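To start, the structure itself, in structure tokens.
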Amino acid sequence: MLDINYIRENRDLVKKGMLNKGESETSAVDSVLEKDEEWRALVTELDRLRAESNIKAKEIGTLMGQGKKDEAQALIKETGDNKERIKELEEKIHTVAGERDELLYRIPNVPDSSVPVGKTDQDNVVHSSWGEPLKAEWRQPHWELASEKKWIDFDRGSKVTGAGFPFYIGKMARLQRSLINFFLNEAVEKGYTELQAPYFVNENSARGTGQIPDKEDMMYTIPRDGFFAIPTAEVPVTNFHRDEIFSMEDLPVRYTAYTPCWRREAGSYGKDVRGLNRLHQFDKVELVKIVHPDESDKELETLRENAESLLQKLKLPYRTLLMCTGDMGFTQTKKYDLEVWSPGQERWLEVSSCSNFGSFQARRMQLRFKNEKGKTEMLHTLNGSGLALPRVVAALLETYQTEAGDVMVPDVLQSFMEEDLI
RNA sequence: GGAGAGCUGGCUGAGUGGUCGAAAGCGCUCCCCUGCUAAGGGAGUAUACCCUGAAAAGGGUAUCGAGGGUUCGAAUCCCUCGCUCUCCGCCA
């Protein structure tokens, strides 16, 4: 969420950002400011009444101590009115604050000025690209090859759990493990601290990173215990420091974590869900940064470079998109998508999304630091995948495929695989 | 899963209905003193919000695991939940 004071001082900028992100109207901005005004007036009144009551309560205490029961009784009678009004006000304030926050949650983060204005994915800008996209020619799509070779068993996965929960078999399972190790090692080498995180989170954590109240449909739930299966490691890792205040020396904080991710992906169909293109359970190594507000622009660029270097080392052609305002999402100020080339399908597949959230997430989870002047200030958060496995595996199976139907192991994975052919 | 004990500021820890946002100690910051070092003295040291103010600052409210309740008044009493510890059971 945005800072209400920021909205008050930048009303037009916030509205413009909203429209650029594809919202049809901006009335929430005016409404939220009205609600806030109302809330502040009520709080002022409530504080005044409470101050009055506190003074009277103290007087009563003193009188009781002196044994002047009658005078005390008289005062107690007087407090009755106040008490009722305080109760009324408290309820009213609770309601108004709820309404205000609901509006506040509907206002998206303001895009950075460097983000191209646009409506759809057509308006995204190719920031850079690497390698030559290969033609399909004799190449099979990964699902055909992997099923034929009994490397991935989609059908048994469906039997055991459901669609989108495949089994990886033998060397394919080992390839998964190798990629996870490779990604984690690279991140640690770049200065990220490895974290092993819980796979379930509670409601507060889901709220902290913004999955609730908006996107709870994407998550699997464990209702009996009130848990959510994580859709990404971002949720537990960013919440790791929820409600904390950092000192300057502790910054920046950089974490990496491998976790499985679970996503319900309701409503997906067709070519998007063929093979490994979109799963309900998949593996991902995530990169998370918590940084000083002045550093977040720079940190986004290094985050992107860190993610890109993985594809370069795997020698998988990719392109990096700078997402336009309309395609970048609600919570980001700026976002890059990395898309790997899938020669078997002759299409680009998203394998990483590197985002700067500014203070949007930090505010929600009260992630703060003491600045140069000793004042408490919101931090900035960023995250990006480094990388999500299935589509990397898809691209790899297709890119490293030989005409004979073998798949060579990329150089950087050979020490993990201890083989040069899968 | 069952039984019991507990949860107080950066930390340790006192506080069982009123003057307690909270003793004391440790830590930290600043100042003083001492030719270095050690020791000593003094002051300060939570968070959020509201109001006044250009600001500096001042005033107010809330917060003692979370939420609710009793009361004129709650760290203190009651209820629900969470967490920690101990014992039993179960288990990789």
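Residue numbers start from 1 in every chain, and the chains themselves are labelled A, B, ... in the order their sequence lines are given, proteins ahead of strands. Values in this document were obtained by computation on a predicted structure and should not be read as measured data.
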If I take atom CG from residue Asn185(A) and atom CZ from residue Phe416(A), how far apart are they, to the nearest 0.5 angstrom?
4.5 Å
Name the residue closer to the 5' end of RNA chain B, choosing between Trp39(A) and Thr79(A) according to the nucleotide with the nearest heavy atom.
Trp39(A)
Return no unless some side-chain N or O of Arg40(A) is found under 4.0 Å from OP1 or OP2 of C51(B).
yes
Atom CD of Glu90(A) to atom P of G68(B): distance rounded to whole Å?
9 Å
I need the CG-P distance between Asn5(A) and C49(B), as an integer number of Å.
8 Å
With rounding to whole Å, what would you report as the distance between G10(B) and U47(B) at their P atoms?
8 Å
Separation of His94(A) atom NE2 from A62(B) atom P, in whole Å?
18 Å
Tell me whether the side-chain N/O atoms of Arg368(A) come closer than 4.0 Å to OP1 or OP2 in A48(B).
yes
Say you pick atom P in G69(B) and the same atom in A74(B); how far apart are they, in whole Å?
12 Å
What is the separation between atom CD on Glu45(A) and atom C1' on U61(B), rounded to the nearest whole Å?
13 Å
Options C72(B), C49(B), U61(B), nucleotide nearest the side-chain atoms of Ala57(A)
C72(B)
Return the nucleotide paired to U19(B): Watson-Crick means purine N1 to pyrimidine N3 with N6-O4 or O6-N4, wobble means G-U with N1-O2 and O6-N3, both under 3.5 Å.
none
Just name whichever nucleotide pairs with U52(B), Watson-Crick or G-U, keeping both distances under 3.5 Å, else none.
A57(B)
Inter-nucleotide C1' distance (G41(B), U34(B)), Å rounded
12 Å
What is the distance, to the nearest angstrom, from the CD atom on Glu38(A) to the P atom on C49(B)?
20 Å
For the side chain of Thr44(A), counting heavy atoms from C-beta on, which of U47(B), C51(B), A62(B) is nearest?
C51(B)
Is the distance between the ring centroids of Tyr258(A) and Phe183(A) under 6.0 Å?
no
Distance check, C1' atoms only: U70(B) and C85(B), in whole angstrom units.
31 Å
OP1 or OP2 of G73(B) under 4.0 Å from side-chain N/O of Lys56(A):
no
Can you tell me which nucleotide in A48(B), U61(B), U71(B) comes closest to the side chain of Lys83(A)?
U71(B)
Is A38(B) paired to anything, Watson-Crick or G-U wobble with both distances less than 3.5 Å, and if yes, which nucleotide?
none
Lys370(A) side-chain proximity, nearest of C51(B), A46(B), C49(B):
A46(B)
If I pick the C1' atom on U45(B) and the same atom on C33(B), what distance separates them, to the nearest angstrom?
22 Å
Could you pick out which residue, Arg50(A) or Gln366(A), lies toward the 5' side of RNA chain B when each is mapped onto its nearest nucleotide?
Gln366(A)
Working for ring-ring contact (aromatic ring centres under 6.0 Å, His included), residues Phe357(A) and His380(A):
CA-CA 7 Å; Phe357(A) 300 96; His380(A) 280 194; over 10 Å; no
Between His127(A) and Tyr336(A), is the ring centre distance below 6.0 Å?
yes
Take atom P in A23(B) and the same atom in U86(B), then report the distance between them in whole Å.
31 Å
For atom P, what is the distance between C81(B) and C28(B), given to the nearest Å?
43 Å
For G73(B), the nucleotide meeting Watson-Crick or G-U wobble distances (both under 3.5 Å) is none
Work out how far the C1' atom of A3(B) is from that of C64(B), and round it to whole angstrom.
28 Å
Should the pair Glu419(A)-Arg174(A) be classified as a salt bridge under the 4.0 Å nitrogen-to-oxygen rule?
no
Round to the nearest Å and state the distance from Ile60(A) atom CD1 to C72(B) atom P.
9 Å
Contact class for Thr376(A) vs. all strands (heavy atom < 4.0 Å): base, sugar-phosphate, or nothing?
sugar-phosphate
Rounded distance in Å - CG (Asn54(A)) to P (C50(B)):
19 Å
Salt-bridge criterion met for Glu59(A) and Lys56(A) (N-O under 4.0 Å):
no
One thing to verify: whether Lys298(A) and Glu295(A) come together as a salt bridge, which I'm taking to mean a side-chain N less than 4.0 angstrom from a carboxylate O.
yes
Closest listed nucleotide, where the reference is the side chain of Ala51(A) and the choices are C51(B), G18(B), G60(B)
G60(B)
Check this for me: does any side-chain nitrogen of one of Arg100(A) and Glu38(A) sit under 4.0 Å from a carboxylate oxygen of the other?
no
Scanning all shown strands, the Watson-Crick or wobble mate of U63(B) with both distances under 3.5 Å is A46(B)
Residue matched to A3(B) through Watson-Crick or wobble contacts both under 3.5 angstrom
U86(B)
Need the pair for C26(B). Rule: Watson-Crick or G-U wobble, both distances under 3.5 Å, any strand; none if unpaired.
G10(B)
Only pairs with both distances under 3.5 Å count, Watson-Crick or wobble alike; so what is the partner of C91(B) in this structure?
none
Rounded to the nearest angstrom, tell me the gap between atom CG in Asp225(A) and atom P in C83(B).
10 Å
